[in-house]
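Quick notes on the structure that follows.
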Protein chains: 2
Amino acid sequence: MSVRSASVKDVAAAAGVSLGTVSNVLNRPSRVSPATRERVERVMLELGFVRNESARQLRAGKSRTLAYVMLDAGNPFFTDVAAGIDDAADDAALSLFLCNSANRADREAAHLALLEQQRVQGILITPVDADAVALDQVARRGTPIVVVDRTRRLEDFCTVAVDDVLGGRLAVEHLVDRGHRRVAVVGGPTTIGQVSDRYAGARAAWADAGLPAEDLVVVATDAMTVAEGRSAGERLAGMPSRRRPTAAFCVNDLLALGLLQQSIGSGRSVPGDLAIVGYDDIEFAAAAAVPLTSVRQPRHQLGRTAAALVLEESTDPDHEHQQVTFTPELVARASTL
Amino acid sequence: MSVRSASVKDVAAAAGVSLGTVSNVLNRPSRVSPATRERVERVMLELGFVRNESARQLRAGKSRTLAYVMLDAGNPFFTDVAAGIDDAADDAALSLFLCNSANRADREAAHLALLEQQRVQGILITPVDADAVALDQVARRGTPIVVVDRTRRLEDFCTVAVDDVLGGRLAVEHLVDRGHRRVAVVGGPTTIGQVSDRYAGARAAWADAGLPAEDLVVVATDAMTVAEGRSAGERLAGMPSRRRPTAAFCVNDLLALGLLQQSIGSGRSVPGDLAIVGYDDIEFAAAAAVPLTSVRQPRHQLGRTAAALVLEESTDPDHEHQQVTFTPELVARASTL
DNA sequence: ATCGCTTTTTGAAACCTTTCACTGACAGGA
DNA sequence: TCCTGTCAGTGAAAGGTTTCAAAAAGCGAT
């Protein structure tokens, strides 16, 4: 009801103390005698006092907030990363705001600008374009930034990522081990660093196994979604059977799930007619009707580490940028038995 | 590098104009002559000026931000609702912050407190406990709040929800139509309003069909996750076959996916041995190996509407609280053919 | 009473922006 | 020439909090 909320001044007046004392109750309660502290606190409750964070921040200079600008809030991989960040933020008594750039550079830029204006303590980001110059500018102006799940050529950021070349290698080695000699690699666009790294690992493993390059078939997709996975499945099905791969490595689980669905739906058995390996090991991978073999990334750990780095950068004056790389792990399930 | 970012004062000095002019460039560019405007803008760029949002907000009184406190960022249903909110916020040139309460009341309370201190323009929330008194207090102190996907007894909030009783009814009517005469209802805990409403609809439909109440079997779960769905499947499988239901209505899709997986994994066919209806129609429902029949909620629309309401409440002085209810819709797929 | 010490409280300055009443300048009309 | 009206730009005040030096109060010892 109250049209304007009470300020410290109102509280001070009502409690019969000075402004400074009210502020002390808020920020250094031990410096205030128990009696007055209690009185002030009671008045605050009565008046429904709510501290004005803008004013606090303006004066104190620092905020108690981290932000994670996520690439796609609809992809469980990123929400799991966010959960990891959240854990770490909780431990440090910071709040975490999530922003969704939904794969759009303009939205990402808008979020970055606002976060910088808010003077957040640090920004974690999985950028649409890892080389966007906007990131550099924000960082240079003093907001700590950690890039999550993308690597950066320049070393002027902390970076937390997973070894995608190794991940691609693991997937293809697994398929080769299972006896597959014609394999599809499904994913795209290759402008995404992730995708090209996983491709590179796949090719390296294939070559190491002494198999001819033309039997590793690239099936390019426009995005990494379930729908694109289905469409890739149709393209695979349309190939003449002697050239058709017996297995597919999808560069993420959404693609793999789409492919799986299309395959089963059109009567091919998995893994009998087509073995499938996904990437990310999202919860729905294990829960698919044919549980999906997938390359697991330590996504929770990814988030936790990124948060730790951004905290360090924001507190430690002579902080050195680090590039942390985690190791992926293949989880074999029924889709490649 | 600059240790403290430039302020309007610095810009004014460097451009040889007054503070007020700089502010005008920022907020009412048309009141400034093109020449000076351009000069000021150039200086801003050179100095790397970043407007201090705290100071702006402190003076201007209003913030340009909405927040959605989501119940579970890992559930695609909520991320889709968030996407709808985001759309509407975009249109209104507001930013959206997402907070994840992860089903924990303490986290929810912490987020609410911070958002109130930040003086956000409005809060959208799917609360852990729809009757939490904290919500009332925040609302009473003047922050517009819209409750999403939960109904509230008291009418002192705007509310956007879907008719869950009808949803439950649709699901069970569909199964009865398909000839099922012994059906399981899977979900819980029933303290969640959603769950009990869907149960109620299910029972009503069952009774309307003239079927005996004891043939609608409740399978209670502790949570609405994939894992709980699997465990429910095991319990169903353990029933003697003459008492075992031929169909299951799961109160959300995560449960349904878990049940589906367990059923197929243990050799039962879907829908042959067990027909399954889910709820929410998340993307993964259609993408399951046996595409899932599900009760679709207009989740995008839910978000959009909620955002519109909170905007109206924050701008229109004589705003009346509204309770908007959407109608769910059954999407029949292979899991109940 | 006075001194020296600690604990508690005070008051004013500072943080950065926006707002608004106001001044100057300048053009056109009478 | 004088008046009126527009357009650009100015400068001070205000917004709510924190900080910090300094004042006040309390207290035990002399």
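This is a predicted model, so every value here is computed, not measured. Each chain gets a letter, A, B and so on, in the order the sequences are listed, and its residues count up from 1.
In the set D:dT19, D:dT17, C:dT18, D:dT17 carries the atom at the smallest distance from any side-chain atom of A:S7. The side chain of B:R28 has C:dT19 as its nearest neighbour among C:dT8, C:dT19, D:dT17. Taking every side-chain heavy atom of A:T36 into account, C:dT9 is the closest of C:dT17, C:dT9, D:dT18. Distance from the side chain of A:V32 is smallest to C:dT9 among C:dT17, D:dT19, C:dT9.
Considering only side-chain N and O atoms, A:T21 lies nowhere under 4.0 angstrom from the phosphate OP1 or OP2 of C:dT9. Contact between the side-chain N/O atoms of A:R51 and the OP1/OP2 oxygens of D:dT18 is found at a separation under 4.0 Å. Of the side-chain N and O atoms in B:R119, none sit less than 4.0 angstrom from OP1 or OP2 of D:dG16.
Rounded to whole Å, the distance from NZ on B:K9 to C1' on D:dG11 is 13 Å. In this structure, A:R31 atom CZ and D:dC20 atom C1' are separated by 11 Å, rounded to whole Å. Rounded to an integer number of Å, the gap from A:N24 CG to C:dT7 C1' is 12 Å.
Side-chain atoms of B:N27 and B:R51 include a donor-acceptor pair closer than 3.5 Å. Side chains of A:Q194 and A:R150: a donor-acceptor N/O pair is present below 3.5 angstrom, by distance only.
Among the protein residues, A:V22 comes within range of no part of the nucleic acid, since none of its heavy atoms lies under 4.0 Å from any strand. Within the nucleic acid shown, A:S23 comes within 4.0 Å of at least one base atom, counting heavy atoms only.
Near-neighbour residues of DNA chain C inside residues 52-67 of chain B, defined by a heavy atom below 4.0 Å, number-ordered: B:N52, B:A55, B:R56, B:R59.
In this structure, A:N27 and B:R37 both approach DNA chain D, and ranking their closest nucleotides by distance from the 5' end singles out B:R37. Both B:G16 and A:L19 lie near DNA chain D, and the one whose nearest nucleotide falls closer to the 5' end is B:G16.
Salt-bridge check for A:R42 with A:E38: passed, with a basic side-chain N closer than 4.0 Å to an acidic carboxylate O.
Here the straight-line distance linking atom CG of B:D86 with atom NE2 of B:H300 works out to 8.5 Å at 0.5 Å rounding. We find the CZ-CG distance between B:R141 and A:L47 to be 11.5 Å, quoted to the nearest 0.5 Å. To the nearest 0.5 Å, atoms CZ (B:R299) and CZ (B:F78) are separated by 11.5 Å. Taken from OG1 in B:T79 to OH in B:Y68, the straight-line distance is 9.5 Å, to the nearest 0.5 Å.
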